[in-house]
Protein chains: 2
Amino acid sequence: MNIYEVAKKAGVSIATVSRVINKSSNVRPETRERVEAALKELNYRPNEIARSLVANTTHTIGVLASDVRDSYHANAIYILEQEFRKKGYHVILCNTGGELEKKKRYMGLLLDKKVDGMVLVGSVFKERKGNSHILDASQVVPIVMLNSLLEGENIYCVACDDKAAVSDIVQSLVQRGHREIAFVYDVESFSAMAKLEGYRFGMQAAELPIRPEWIIRTESGIDGGRNAVNIMDAGGAACTAVIASEDNLAAGILKGLKAKGKKVPEDVAVFGYNDSVIARCTGPELSTVDNKVGELAREAAGMLCRVLQGEKISHSKTITAELVFRESCP
Amino acid sequence: MNIYEVAKKAGVSIATVSRVINKSSNVRPETRERVEAALKELNYRPNEIARSLVANTTHTIGVLASDVRDSYHANAIYILEQEFRKKGYHVILCNTGGELEKKKRYMGLLLDKKVDGMVLVGSVFKERKGNSHILDASQVVPIVMLNSLLEGENIYCVACDDKAAVSDIVQSLVQRGHREIAFVYDVESFSAMAKLEGYRFGMQAAELPIRPEWIIRTESGIDGGRNAVNIMDAGGAACTAVIASEDNLAAGILKGLKAKGKKVPEDVAVFGYNDSVIARCTGPELSTVDNKVGELAREAAGMLCRVLQGEKISHSKTITAELVFRESCP
DNA sequence: ATAATAAATGAAAACGCTTACATATTTTGG
DNA sequence: CCAAAATATGTAAGCGTTTTCATTTATTAT
């Protein structure tokens, strides 16, 4: 079933069929009807691959994320897919597992497949000079970075101000009388590093000392959080508040503290990050940061679509996060 | 940059270049080297769209899920993407939001884009005769159903035995002395209905009466769970154990019971489903069902790949779930 | 009615590749 | 050393569209 069969049935040339399909002008109403009848009768649908070949555009966007299972990424991807779909784009999903090599390979494959653009969800690692593949790819298609920053002619960034958010958390904690505040993170992502900066900035702004034992790197997930408590304890780093770079971590910290007989928030206040569903599941419920991932994703998709339509737009946009106070730090 | 330029640079015809690229035989080593040098020098990469057009295969799989944000779906999609990727397939993600119309439209678009196959993650609604679009699509490409069942020549199903799992939960609860057991679910998905059947079956097997007030349909998510507790209370349906069709719901039920001053598991035992990360975040931690979504997804991807390679395989595969006992029903 | 103009249609090239078939070259056996 | 067989290479068609350009048909003005 191709355009030739439709043309034959309608008694016209394939050019005319194509014109009808693409609602191009200069087709006699009578002819149009005949073609449309044939179209319907044969239940014809154009082959998008062939169209892509000639149009040199696939209406497909590559989305790279390190792991969909993470609720932050899942939220981002959901909205991205939804928004792109609305504008007629398909989404090819790539889970990079945070591995640079995989990411490079995937980006190459996506270019081979002629995606019209890419969205990278929080993937740049700060201070590492491993971003040449992104710059290379941006020579071919526009790229939007979601929650990480990279300068480039054809690169657009939309990020949440994580630094400010964590700095605000510190300030709130100080207002509540806390002076010994720890910061726990897992991977050294761009955004985790921004949060760490925010922690440092906030502590300095409050003229509080920062003890190295208060800055703890641990594994990801609940177990990582639980472990962080052990590390703190072993390091003798007493503190009255803990900020985690992620809700999962915070949930683990809650467990860890409970195991040590510490009460939250009475003995230790805990702050998470992401405002994921987890934050409302824990007991006590987690105070956390709504980092507006939906808004970010919507903005990212919008930016890419606008760029693809030839619009000139600003290269970066920052969104302000919002602190959400719940039981773990009321 | 296309195959002609490579051919010119290497001083051969495009056919020879194509043969080198595709590692086809009958190329003189000397020629091959010359072509490979040109390939490298020009940094040539074949246009996959053009290849797809002639080969009539895109190495792309469409994956439809109602909502990636749901951890069950996220897990499924993660593994699906990973497994397909290993075999050289890309994944186009479609979030249907559980809407039939959307699903139909997406399936059409995927066929237009010439995907090689599709995976539908838990989407068939039982008893509703709205599955003709799936049967239609299966005339064109093989379809794998993840956690729902549908018969068809070119349709393959891999599902977890949800009925047995819930029936097992009931049995475990009965062994622990429970006789008044409620079942809470949200959407009327295929799998939720299987669970409900399992509940009924388990109760009957234990020769316990089933009161209609014990079967509660509520909204999705934590709030739905909390609300279910109110509904039960209002209905005067006292019970000593609650089985939820989903961990989120169970988490809400925990909250609801706490609000009513009931202790878990002392006053009421609670069982979730999915063994999502949530189940380990709540306090008390949730007893739940590990329904092996990873295994399911791996199997689904494997089946589809085998079918695409022309293998004849069995049309359905069932995996047995495993009960996970934690604090909410020790 | 006819020339000039506008509108409708079709033929063919192009997109970038693979592949069947034809042709040229090398290798082998007698 | 030559014919036959095997191997290497090239030519051209084809995948299913869109689109340019030429041609045909309809419309308008004179």
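Below, chains carry the letters A, B, ... as their sequence lines are ordered, and counting in each starts from 1.
Nearer to the 5' terminus of DNA chain C, by closest-nucleotide assignment, is the contact made by A:Thr16 (compared with the other of A:Thr16 and B:Val17). Summary of the strand contacts: B:Ala50 and B:Val12 both lie near DNA chain D, and taking for each the nucleotide with the nearest heavy atom, the more 5' one is attributed to B:Val12. Residues A:Asn26 and A:Tyr4 both approach DNA chain C. Their nearest nucleotides, taken by heavy-atom distance, put A:Asn26 toward the 5′ side.
Among the atoms of the strands shown, base atoms are found under 4.0 Å from some heavy atom of A:Ile14. Residue contacts for B:Ser18: at a heavy-atom cut-off of 4.0 Å it reaches a base atom on one of the strands shown. Within 4.0 Å of B:Val54, counting heavy atoms only, lies at least one base atom of the nucleic acid. B:Asn56 comes within contact range of no nucleotide atom at all, as no heavy-atom separation falls under 4.0 Å.
Comparing D:dA26, C:dG16, D:dT17 by their closest approach to the side chain of A:Arg28 singles out D:dA26. Out of D:dA26, D:dT17, D:dG10, the shortest distance to the side chain of A:Pro46 is found at D:dT17. Counting only heavy atoms from C-beta on, B:Thr31 has its side chain closest to D:dA8 among D:dA8, D:dG10, C:dG10.
The nearest whole Å value for the distance from the CZ atom in B:Arg19 to the P atom in C:dG16 is 21 Å. The separation between A:Asp112 atom CG and C:dC17 atom C1' is 13 Å, rounded to whole Å. The interatomic distance linking A:Lys8 (NZ) with D:dG16 (P) rounds to 14 Å, in whole Å. At whole-Å resolution of the value, CD1 in B:Ile21 and P in C:dT19 are 12 Å apart. Atom pair A:Asn47:CG and D:dG16:C1' shows a separation of 6 Å (rounding to whole Å applied). Separating the CG atom of A:Asn2 from the P atom of D:dG16 is a distance of 5 Å, rounded to the nearest angstrom. As rounded to whole Å, 17 Å separates atom P of C:dA13 from atom CG of A:Leu53. Put simply, CD1 on A:Ile3 is 6 Å from P on D:dT17, counting in whole angstrom units.
Proximity of A:Ile61 to A:Leu308: side-chain heavy atoms (C-beta onward) are separated by under 4.5 Å at one or more points.
A salt bridge links A:Glu83 with A:Arg298: the distance from a Lys NZ or Arg NE/NH1/NH2 to an Asp or Glu carboxylate oxygen falls below 4.0 Å. Ion pairing between a basic and an acidic side chain is recognised when a charged N comes within 4.0 Å of a carboxylate O; A:Lys104 and A:Glu101 show such pairing.
Crowding of A:Lys102 atom NZ: a count of heavy atoms from other residues, nucleotides or ligands under 6.0 Å exceeding 12. Residue A:Lys292 qualifies as enclosed at atom NZ: its count of foreign heavy atoms under 6.0 Å is above 12.
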